[in-house]
Amino acid sequence: MEDFKQRIEELRSQLAEHNRRYYVENSPSISDYDFDMLMNELIALEKAHPELVTEDSPTRRVGSDLADGEDAVSREFRHLPHRYPMLSLGNTYNTGEVAQFVTKASKGSEHPLSFCCELKFDGTAICLTYKAGKLVRALTRGDGIVGDDVLRNVHHIHSIPSVLHGEGIPDEFEIRGEIYMPYKSFDALCAEREEDGEAPFANPRNAASGSLKLTDSAEVGRRGLECTLYHMLGEDLPFATHDEALTKAASWGLPVSGHRQICRDIDEIEKFISYWDTERKLLPFATDGVVIKVNELPVQKELGFTSKFPRWAVAYKFKAEQACTEVLGIDYQVGRTGAVTPVANLTPVPLSGTMVKRATLHNAEQMEALDIRIGDWVYVEKGGEIIPKITAVELSKRPLLSEKPVFPEVCPDCGTPLVREADQAKWFCPNVWACPTQVKESLVHFLSRRAMNVLAGDATVAQLYDKGLVRNSADFYDLKYTDLYRLEGWKEKSCERFLKSLENSRKVTFDHVLYAIGIRNVGETTAKMLARHYRNIDALASASLEELQQVGDIGEIIAASIRSFFEEPRNVENIERLRKAGLQFSMAEEGALDAMLEGQTIVITGTYDISRDEMKALVESHSGRISSGVSAKTSFVLVGRNPGPEKIKKAGELGVRTVSEREFYDIIGQTMPETEEKELTLF
């Protein structure tokens with residue numbers, strides 16, 4: 001059971017990080033397919049072990065593009081609630097599962113159903129609200145409950161009308177769709193960025209998402225964004241089918257995709273999928289699949305939703321595009337954790353709208369499995385149109401007398417002999433304190449937004465390191481104005497901005513500092529749990545292996561990482577320097593918290609009028625402790641909308657009381673935020 005629990009936690013942590021990179025940073029590090037495979041593994045494990053399911057699992061939550069409160073984006077864009085939840089779509093990669101969807105949707109219907117098949121645009125989701133024919137609101141998906149208000153930027157996207165014209169326009173309605181960047185606009189933007197010395201975007205989807213959140217609205221208009229709309233919502237709208245609603249929307253001037261077809265059965269659906277799997281390569285924009293929706297609106301309403309997906313729609317994802325090209329050489333890159341990753345340099349080849357020049361080989365075992373050689377011709381895929389990877393070697397084109405590449409025995413950066421732990425596929429450089437790449441990556445992590453939130457990135461850290469000004473995190477706090485001003489590219493304002501940001505980081509709470517110092521295997525959630533349990537760095541540093549494993553979900557591996565970290569004298573010395581610099585190495589005194597919930601353990605389930613993170617913070621601000629599972633020690637279960645049935649059932653079995661959101665606000669002596677409740681009609 002412990003192995004299953006650990007794997008579930010690993011998957012949740014990985015998926016949460018990939019969601020953050022995809023939705024917030026617009027910089028995904030894995031393909032859609034690989035993400036879906038991780039998600040499917042987690043779904044299977046949770047199904048086999050329902051007692052380990054938690055409400056904050058990625059399997060039950062919509063990915064969020066909301067930025068945290070301290071960064072520039074969130075200061076520029078207000079967070080506003082969606083009138084109706086903005087959910088994701090279930091997806092599949094095989095038509096057999098599409099057939100199952102059709103059968104299940106049709107079951108119980110008195111009349112034959114039709115299905116509206118539409119291209120799945122690869123962009124960033126948008127929700128538009130029109131009142132009296134005028135555009136009054138534009139929200140990103142956000143976390144599905146709350147989105148970023150990007151109305152002023154949407155007004156600069158020429159295909160989205162600010163005023164509608166035509167007959168039968170409702171007094172108020174929402175229409176949702178995708179903002180995307182055509183290949184032509186994407187190529188021009190990337191060329192411009194490279195000319196300015198900036199890194200190009202990975203793909204058109206990232207470019208569209210990043211452009212929509214620019215603070216300069218005029219620049220948004222200049223980037224050539226387009227929009228397609230595919231889903232209308234409102235009250236008492238006079239349409240019988242989804243297709244009828246979209247046709248009417250197009251007559252008002254809204255940009256609705258013409259690449260859709262009404263299909264009557266799975267054979268017609270498969271023909272539509274097969275046609276576009278080939279023809280999409282000729283389109284001037286990126287598309288990654290086909291969405292199949294029940295066309296009859298009353299049936300949509302009957303089928304309803306899960307906590308994450310509508311039951312009346314499914315997305316079929318196209319398999320990754322493939323190209324064949326030559327391997328020119330293989331580099332070996334060192335990451336923050338010391339892992340050495342082989343990367344193939346390729347003859348540039350067009351793939352999914354971009355020129356692919358490099359592809360990861362992951363590790364030595366994959367190189368061996370592929371039997372790859374320099375000079376080989378290889379098949380490259382961009383799964384999900386993100387990260388190129390090599391899937392096979394075309395042996396018929398292999399040069400004579402080719403030799404296998406030899407995986408390095410020493411670090412390509414610092415020359416230290418590599419090591420590989422038992423049951424690990426990757427080789428690591430153990431020279432944590434002196435390997436230049438590892439040091440720079442750890443410094444970038446320390447300054448990052450979710451750690452110390454200092455306004456600096458890779459280029460700044462590299463410059464400071466290369467000039468010998470920083471070698472560890474404590475060195476940042478010894479920097480002076482004169483150190484910075486003499487560096488190339490630094491002006492008065494940039495020096496002041498950086499130093500001010502460092503000064504502000506002294507106020508960052510202990511849990512973020514603990515995450516920032518980079519204990520291996522200790523992520524944000526674990527750092528927060530440890531900080532709240534031990535209250536200060538000294539108590540944590542003196543905890544034994546056995547004591548650590550009594551805290552929350554800490555297992556043997558994480559406990560060993562923590563002990564190893566504090567047994568290294570250089571880590572202890574660095575912490576002392578950071579402490580003298582004024583960083584927070586203890587939690588606020590208990591007396592600073594409202595003690596209304598002191599000693600109480602609370603499980604939360606469902607959704608609320610504030611985000612789940614805000615609800616957790618509200619509980620903790622009143623000295624309550626959040627637990628992921630219901631047990632005899634649970635004080636009460638805080639029940640929101642669409643609660644997890646297993647938690648409610650377990651609470652009943654154990655006699656644990658349940659508390660509504662309104663009752664909870666009464667307990668803590670606060671007034672519950674009022675929200676307008678409306679009946680949902682789907683179009």
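If you read the sequence from its start, that first residue is 1, and numbering goes on from there.
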Is there side-chain contact between [X] and [Y], with at least one heavy-atom pair below 4.5 Å?
| X | Y | value |
| --- | --- | --- |
| I537 | F510 | yes |
| L479 | F476 | yes |
| N574 | S473 | yes |
| V659 | I667 | yes |
| S660 | V639 | no |

Minimal non-hydrogen separation, [X] against [Y], with atom names:
| X | Y | value |
| --- | --- | --- |
| N431 | C414 | ND2-SG, 3.5 Å |
| S561 | I519 | O-CG2, 3.9 Å |
| Y465 | P436 | OH-CA, 3.4 Å |

Can you confirm whether more than 12 heavy atoms, excluding those of E368, are under 6.0 Å from its CD atom? no
Might you confirm whether atom CD1 of I557 has over 12 heavy atoms from other residues, nucleotides or ligands at distances under 6.0 Å? no
Intermediate values then yes/no, side-chain hydrogen bond (donor to acceptor under 3.5 Å, both in side chains), N536 and S586: CA-CA 4 Å; N536 62 70; S586 63; over 6 Å; no
Nearest-0.5 Å distance, [atom1] of residue [X] to [atom2] of residue [Y]:
| X | Y | atom1 | atom2 | result |
| --- | --- | --- | --- | --- |
| K633 | S627 | NZ | OG | 10.0 Å |
| T140 | L80 | OG1 | CG | 9.5 Å |
| I8 | L11 | CD1 | CG | 8.0 Å |
| L443 | D458 | CG | CG | 11.0 Å |
| L540 | E547 | CG | CD | 11.0 Å |
| I575 | K580 | CD1 | NZ | 13.5 Å |

Short N-O contact, [X] and [Y], less than 4.0 angstrom:
| X | Y | value |
| --- | --- | --- |
| K528 | D511 | no |
| K213 | D148 | yes |
| E567 | R563 | yes |
| E573 | R570 | no |

Using modelled atom types and a 3.5 Å cut-off, is there a donor and acceptor pairing between side-chain atoms of [X] and backbone atoms of [Y]?
| X | Y | result |
| --- | --- | --- |
| S635 | T601 | yes |
| S564 | A560 | no |
| K426 | H362 | yes |
| H82 | R141 | yes |
| S209 | N206 | no |
| D475 | N472 | yes |
| R625 | I602 | no |
| N504 | K507 | no |
| E568 | F565 | no |
| D483 | K480 | yes |

Step-by-step side-chain hydrogen bond (donor to acceptor under 3.5 Å, both in side chains) determination, T526 to Y515: CA-CA 8 Å; T526 303; Y515 172 60; over 6 Å; no
Are T341 and N363 close enough, and set up right, to give a side-chain hydrogen bond (donor to acceptor under 3.5 Å, both in side chains), and what steps lead you there? CA-CA 6 Å; T341 302; N363 53 54; over 6 Å; no
Considering residues at least two apart in sequence or located in another chain, which fulfil the ring-ring contact (aromatic ring centres under 6.0 Å, His included) criterion with F636? none
Could you pull out all residues at least two apart from Y332 that satisfy ring-ring contact (aromatic ring centres under 6.0 Å, His included)? F407
Show every salt bridge (charged side-chain N to carboxylate O under 4.0 Å, His left out) that has at least one partner inside residues 407-420, sequence neighbours left out. E365-R420
Please determine if R520 forms a cation-pi arrangement with F428, meaning its NZ or CZ atom is less than 6.0 Å from the six-membered ring centre and no more than 45° off the ring axis. yes
Test salt bridge (Lys or Arg N to Asp or Glu O under 4.0 Å) applied to E653 and K650, step by step: CA-CA 5 Å; E653 292 172 350; K650 189 71 175 288; 6.0 Å; no
